[in-house]
Amino acid sequence: MLIPIDRTISPRLVAEDVVSHKLTNVPADHMFIAEFAHGEWRKARIQPYRSIPMAPLSLGLHYAQIVFEGMKGYRMSEDRIGVFRTDRHHERFNRSLVRMCMPEVPREMFADAIHTLVDLDRDWVPPGPDAAYYIRPFVIASEERMGLKAADEFLFMVVGGPFRPLYQKPLRVRVERTYTRAAQGGTGFAKCAGNYAAAMYPTRLAQQDGFDQVIWTDARDHAYVEESGTMNLAFVIGGSIVTPPVSDTILDGVTRDSMLTVARELGMAVEERQVSVDELRDGLQTGAVTEAFGVGTAASIAPIEVISIDGQDLSLKIAPDQLMYRLKQHLTDLRYGNIPDPKEWMNIVNGAAK
Ligand SMILES: *Cc1c(COP(=O)(O)O)cnc(C)c1O
């Protein structure tokens with residue numbers, strides 16, 4: 001798919017600022033936009049990054065008919081630019097869209113939009129380690145309408161920019177026993193906007209008590225751990241990597257899947273099974289649980305050093321030879337092109353859009 005490009009006449013890029021990471025968490029020069037109307041996607045184009053007109057009564061603004069993705073592009077060895085696992089993000093994007101009664105985005109449009117945009121703004125992709133180009137595809141119901149209905153008009157957009165996570169201290173997290181992120185039959189598996197608004201208040205309460213994040217538990221009994229904040233959750237228990245299975249309440253993280261695949265390849269024992277809060281508490285006390293970490297695109301792998309359960313803070317040792325750091329290093333090496341990539345997880349953008 002050839003996407004028409006309207007290039008900016010006032011580039012904001014200062015290349016040295018990208019390299020020195022002074023330019024971080026800001027949008028790059030261009031964005032992709034396409035419109036859905038009369039049952040089809042049309043007018044796909046790339047244009048300068050700017051605000052978009054939106055009717056005050058757009059359905060997405062009131063009823064949260066909004067779905068997004070979060071993915072990354074990397075500056076790899078030999079100055080190649082690669083996007084991590086576009087297809088896997090695309091499959092999840094469409095699962096989220098179906099759940100929210102929104103039109104699917106064809107694979108070709110999704111991949112071409114992202115790869116062309118990243119290619120065009122390739123000078124904005126910062127060098128690693130840790131730094132990357134964050135990519136945010138989203139669809140929003142743009143139809144103007146007084147009153148509730150499933151929209152028939154949408155915008156699909158992709159924006160992105162250089163992103164360097166702040167220095168990541170190991171996390172202090174609290175097991176959430178009152179509030180719920182996702183319930184059976186709900187939308188927890190979808191990256192839909194409303195999930196994140198609903199998580200803000202319990203997260204703020206945990207932060208006011210000195211924690212970075214909550215660990216969400218099942219909606220019915222608050223007895224089984226599910227995710228941490230907006231990351232999947234994994235432990236090392238008795239030497240095995242243990243993570244709860246994906247379900248309609250646990251989002252199918254691309255990083256989670258990548259981490260499990262790499263762990264198996266490296267010969268680590270892996271268990272996808274439920275973990276109860278009781279097992280976690282006992283395991284932290286007896287020392288059976290040796291590692292806990294969050295897994296997601298933003299931080300890759302985020303070590304956890306304190307888990308608070310019903311008012312009791314239980315700590316974990318953090319050491320550089322732990323499994324989570326081996327997994328993180330392997331994922332980092334893949335993303336920055338330091339080791340072979342036989343699964344072709346990196347989509348190299350080839351400079352054609354420049
Ligand atoms: C995005 C997200 C994740 C992580 O998914 P990745 O594809 O690894 O980035 C996990 N949980 C929730 C709730 C999320 O929104």
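All ligand and atom numbering here is 1-based and tracks the order in the structure. Along the sequence shown, residues are numbered consecutively beginning with 1.
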Could you say whether the N/O atoms of Gly253 and ligand 1 ever approach to under 3.5 Å?
-> no

Out of Lys72, Lys191, His89, Glu227, whose heavy atom is nearest to atom 11 (N) of ligand 1?
-> Glu227

closest protein heavy atom to atom 15 (O) of ligand 1 is Tyr196 OH, 2.4 Å

Nearest non-hydrogen protein atom to atom 4 (C) of ligand 1, with distance, is Thr230 O, 3.8 Å

Just say parallel, tilted or perpendicular for the rings of Tyr336 and Tyr74, cut-offs at 30° and 60°.
-> perpendicular

Go through ligand 1 atom by atom and flag the ones less than 4.0 Å from a non-hydrogen atom of Arg92.
-> 5 (O), 6 (P), 7 (O)

Please, which pairs that meet side-chain hydrogen bond (donor to acceptor under 3.5 Å, both in side chains) have at least one residue in residues 287-311, sequence neighbours excluded?
-> Arg177-Asp310, Arg281-Asp310, Ser300-Arg335, Ser308-Asp313

In terms of heavy-atom contacts, does CD of Gln184 have more than 12 from other residues, nucleotides or ligands at under 6.0 Å?
-> no

Heavy-atom contacts with Val254 under 4.0 Å: which atoms of ligand 1 show up? List them by number with element.
-> 6 (P), 7 (O), 8 (O)

Near-ring test Tyr49/His30, centroid separation under 6.0 angstrom | no

Just which atoms of ligand 1 are under 4.0 Å from any heavy atom in Thr297?
-> 6 (P), 7 (O), 8 (O), 9 (O)

With heavy atoms and a 4.0 Å threshold, my read on which part of Thr255 contacts ligand 1 is both

Do Ser77 and Arg80 get their side chains close enough for a donor-acceptor pair, meaning under 3.5 Å?
-> yes

In ligand 1, which numbered atoms sit nearer than 4.0 Å to a non-hydrogen atom of Leu251?
-> 1 (C), 2 (C), 3 (C), 5 (O), 10 (C), 11 (N), 12 (C), 14 (C)

If you scan protein heavy atoms around atom 13 (C) of ligand 1, the nearest is Arg181 NH1, 3.4 Å

With Glu226, which of Thr180, Thr217, Asp218 fulfils side-chain contact (heavy atoms from CB on, under 4.5 Å)?
-> Asp218

Do Phe68 and Tyr196 have ring centres separated by under 6.0 Å?
-> yes

